[in-house]
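Convention: sequence-line order gives letters A, B, ...; per-chain numbering from 1. Since the structure is predicted, the reported quantities are computational estimates derived from the model, not experimental observations.
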Amino acid sequence: MRPFANEPTLELRRAAARESLVAAMRDLDPQLPLAVPILVGRDRGAHEGFESTDPGEPDRVVATAGRATEADAAAAVEAAAAAFPAWRDIGARARADVLVGAAEILRSRRLELAALQVRECAKPWGEADGDVCEAIDFLEYYAREAVRLEHGPDLLQVPGERNSMRYEPRGVCAVIAPWNFPLAIPTGMTSAALAAGNSVVLKPAEQSPASALALVDALRDAGAPPGAISLLPGFGEVGAALVRDPRVHVIAFTGSSAVGLEIVRSSADTPEGQGHVKRVVAEMGGKNAVIVDSDADLDDAVPAIIRSAFVYAGQKCSAASRVLAHEGVADALLERLSGAVNVLIVGQADDFAIDVPPVIERDAQERVRRYAELAASDGRVVAQQPDIPANGWFCAPTLVTDLPPDSAVLRDEIFGPVLAVERVRSIAEACDALERSPFALTGGLFSRNPDTVAEVTRRTPVGNLYVNRHITGAMVGRQPFGGNRRSGIGSKAGGPDYLLQFVEPRVVTENTMRHGLVVE
Amino acid sequence: MSDVEHDPGVEAELNEVGRALYASFPQRSRNPVKALDARAMELASQDAELRAALFRFVDVTPACRSLDDLARHLSGYLNEVDAKPPPLEVAMRMAGTKPGRTALGAAAAGGVRHMAHRFIVGDSPRKALGILRELWEGGAASTVDLLGEATVTEAEADRYAARCAEALDTIAEAAPRWPERPQLEADSLGPLPRANLSVKVSALTPHIRPDAPALGRDDAARRMRPLLRKARDLGAHLHIDMESLDALETTMDLIFELLDEDEFREGPSAGLVLQAYLRESPNQLDSILAWARQSPRKPPLVVRLVKGAYWDHEIVEARQHGWETPVFEVKAECDRNYEQLTRRLLDARPAVRVAIASHNLRSISHAIAYNRHSGGEDRDLELQVLRGLGDELGYALAAQGQRVRVYCPVGDLVAGMAYLVRRLLENTSNESFLHEQAMGVPLEELLAAP
Ligand SMILES: Cc1cc2nc3c(=O)[nH]c(=O)nc-3n(C[C@H](O)[C@H](O)[C@H](O)COP(=O)(O)OP(=O)(O)OC[C@H]3O[C@@H](n4cnc5c(N)ncnc54)[C@H](O)[C@@H]3O)c2cc1C
């Protein structure tokens, strides 16, 4: 296999690239709504039960999907358990070929799949294209990782014994995925599990079933046995059933803190007859802050912060929601940030000329509005883009400051376009403030002093610290991604130790001495 | 003629022109990097780590709160340099104590200010008038460029537009009092404005978006129109600089759209920039010429041909995204393309006026030689240099009877830092003509065909 390289995103500064996406949308629209069936092993179930709709135009139905039940979950786990031994035994190289084949299928459909995300999740074009590329990256990267891992690490050898270590897949893996990276995140968790030799039951977010179907189709068309990858479109109860099922070995989850912690709790239960302890890989929320030192170049910091906080309406787990500004630059920074928020363009995701799309659903819109109101009463709103479309789940990008330290606006993950600026007297004070947060996903620092960079690197517990740049957009193989503390348990997605979570290590020691003779 | 790569007649003329120019350089400036008299610059061209340290320092200077802070930054950067030349070891020792840091900070700040003043002619247009007049008297026209911070808000865009308007007023008010310089005031197509301003589109709008070029175009257009009107009414020239590829479509569309509007049919004189480092530049020239030929506008469009100032940026941007690099990666290819575009531009007159902006003796001599060889007059070719980098070259060209314009940045130190750092990088880059010249590469090689 050629060495891993990131799939190039479309060069959207070229008119031809933009037109190719617009054309893809023209082709997609008449096909809507797409039908997403329940896929359990070889069985094809219903594809009508609930709908996903366009957040920017809620009357537009993007997909109708079958609503999987607890019985479907049980059947899918059974199919996965049955498919597991064969999938395990074909070896890493054969599995890698399937993944690479699936990557090729996604590549051939990438324009259409980007268009689908624009509709299903109101993900703006550039972000949607990036999402599809990241999905391709995960498939290609984990395929190579599985091949690398198959050899196992070298151990110390002494005369008379042979030591070897290898990694074996765990079994059935339940993947519970979010909607905000509707293709990339399900692909990442699913392909890691599959590459390592596990079989998978995928439960995508109810907001984005159609993107998940594209993944399952690609894997099966590339040769994954149907039992090794089932699709259960549906709601929380299906996910809960999977988590509870004693035949499930690994649960890979990305989503909210509340659900993540519930999964941890529930999977700890080890009923009679369950011959293993479940392994949970959970990527949960964040409350990500950018520290701006007094020597920062605001020409760089302002656009990078705006991008980190407001692109995709702040709905990335890595998005910035706090800025800790050194008092030496706080006023200038606040003034420029508020001017920059005022020129943000809120509008439909399929328009290249927007900055902020709608949020995913009505509940999210209401939640964001509640926090914006709280921000206004707890602190001082310095900028709020008032010009937002009426129809659709749009929220006004909001910049707030002068909040008391205990304000929920500074504490909770809002997952929307709300950014709070706090003033600090020193970088140490900024680090202290971060120290108090239970979250530790991403963080940012703008400073041109190498000593400050070293200090913040040492002190911040975040999983991913970005220095002098935006804090979103981790790339597979370049920025292995994942949080610490209450932001996540598990290792870095897109990094060299991710697959280890889906395997169990086994060591064999053989005595090679027989009657004083070493038989090699 | 323009497809002939190295016409022997042109080459012979070119050598003559190059030698004559070289001979009329003042002695010390045969080594312009040394002429910067900063020993630091010399060190910087030799050691990549040191170069990085010094540039980071220059870059951060205006943002430091105190001399102490400045010295801490300097020692932080120098710390990362493995082999420190003796003067820097001294600096590091000084950084160890508070009074030492104050002294070091003061010395270093002074050094940066000194350097900045070589490249920046004043912190306001009014303060720059003295130098503009001096240049004019010495036989060189000017174009003023207003340095500014990045534009991220409406207010910043409005402020920049107001500064441009004020600069036009100030220069146009002073320029009529300058003495007559017939060589600078007309070419065979007619009169050339004395007042000349270069503007950047990205400073006139917070909406530059590579994936939505119309957004920035429309927003910048609202601020550009009043400037064009003012330039027209004052009889000044307005030149639109070219920035990175991300702003290219916005910039080109904006220029074509505005200049086609009825109210600008008679003026002002206006111009744009073509970057020869772009692989697509020959096609861009096609569209520029097609536009110029069909446009009913009176004053011919001025095309400033440059190599391009964002080479490293374009390379990094493309590599990080896995895109094909939009720029040539071999310097000689860029230089060859530059000569080809020069020939095509000169051949396209009178549909356009041509300005060759370069400090490369070969590139410039080629333009002069090709122009003469194909029967053009010297006054129908403008040569442009940057203040601080091309001063001596400018004088030499003026002394040879060429029509010269000096690009003069105006602004404060903070605003100027990005500009200064770019110029410093350019000046010490191994591939730069000025660097080669400074390293004592013989004249024959400097003038050899790329
Ligand atoms: C009056 C004036 C106005 C200018 N206005 C603009 C403007 O509006 N926009 C703009 O972008 N630039 C502008 N420039 C800068 C110009 O583009 C060049 O960066 C600068 O003049 C150096 O080029 P040179 O011909 O003087 O020197 P040279 O040393 O001959 O050329 C250096 C240039 O070659 C190119 N280069 C370097 N390495 C390589 C490589 N490995 N492969 C291919 N190409 C390479 C780069 O463009 C580099 O700047 C202007 C310059 C002047 C003098």
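For A:V343, the parts lying near chain B are the backbone and the side chain together; criterion is any non-hydrogen pair under 4.5 Å. Of the two parts of A:N342, neither the backbone nor the side chain holds a non-hydrogen atom closer than 4.5 Å to a non-hydrogen atom of chain B. Neither the backbone nor the side chain of A:I306 has a heavy atom closer than 4.5 Å to any heavy atom of chain B. Neither the backbone nor the side chain of A:L298 comes within less than 4.5 Å of any heavy atom in chain B. There is no contact between A:N6 and chain B, counting heavy-atom distances below 4.5 Å. When heavy atoms are compared at a cutoff of 4.5 Å, A:D300 does not approach chain B at all.
Residues of residues 72-81 of chain B lying under 4.5 angstrom from chain A, judged on non-hydrogen atoms, are B:H73, B:G76, B:Y77, B:E80 in numerical order. Residues of residues 150-162 of chain B lying under 4.5 angstrom from chain A, judged on non-hydrogen atoms, are B:A150, B:V152, B:T153, B:E154, B:E156 in numerical order.
Look at B:E89 and B:R93 and you find no salt bridge, because none of the NZ, NE, NH1 or NH2 atoms lies under 4.0 Å from a carboxylate O. A:D355 and A:R307 are not joined by a salt bridge, as no carboxylate oxygen comes within less than 4.0 angstrom of a charged side-chain nitrogen. Between A:E429 and A:R425 a salt bridge is recorded (basic side-chain N to carboxylate O distance below 4.0 Å). A:R18 and B:E249 are joined by a salt bridge, as a carboxylate oxygen and a charged side-chain nitrogen come within less than 4.0 angstrom of each other.
Remark: B:L278 CG to B:L248 CG distance equals 6.5 Å, nearest 0.5 Å.
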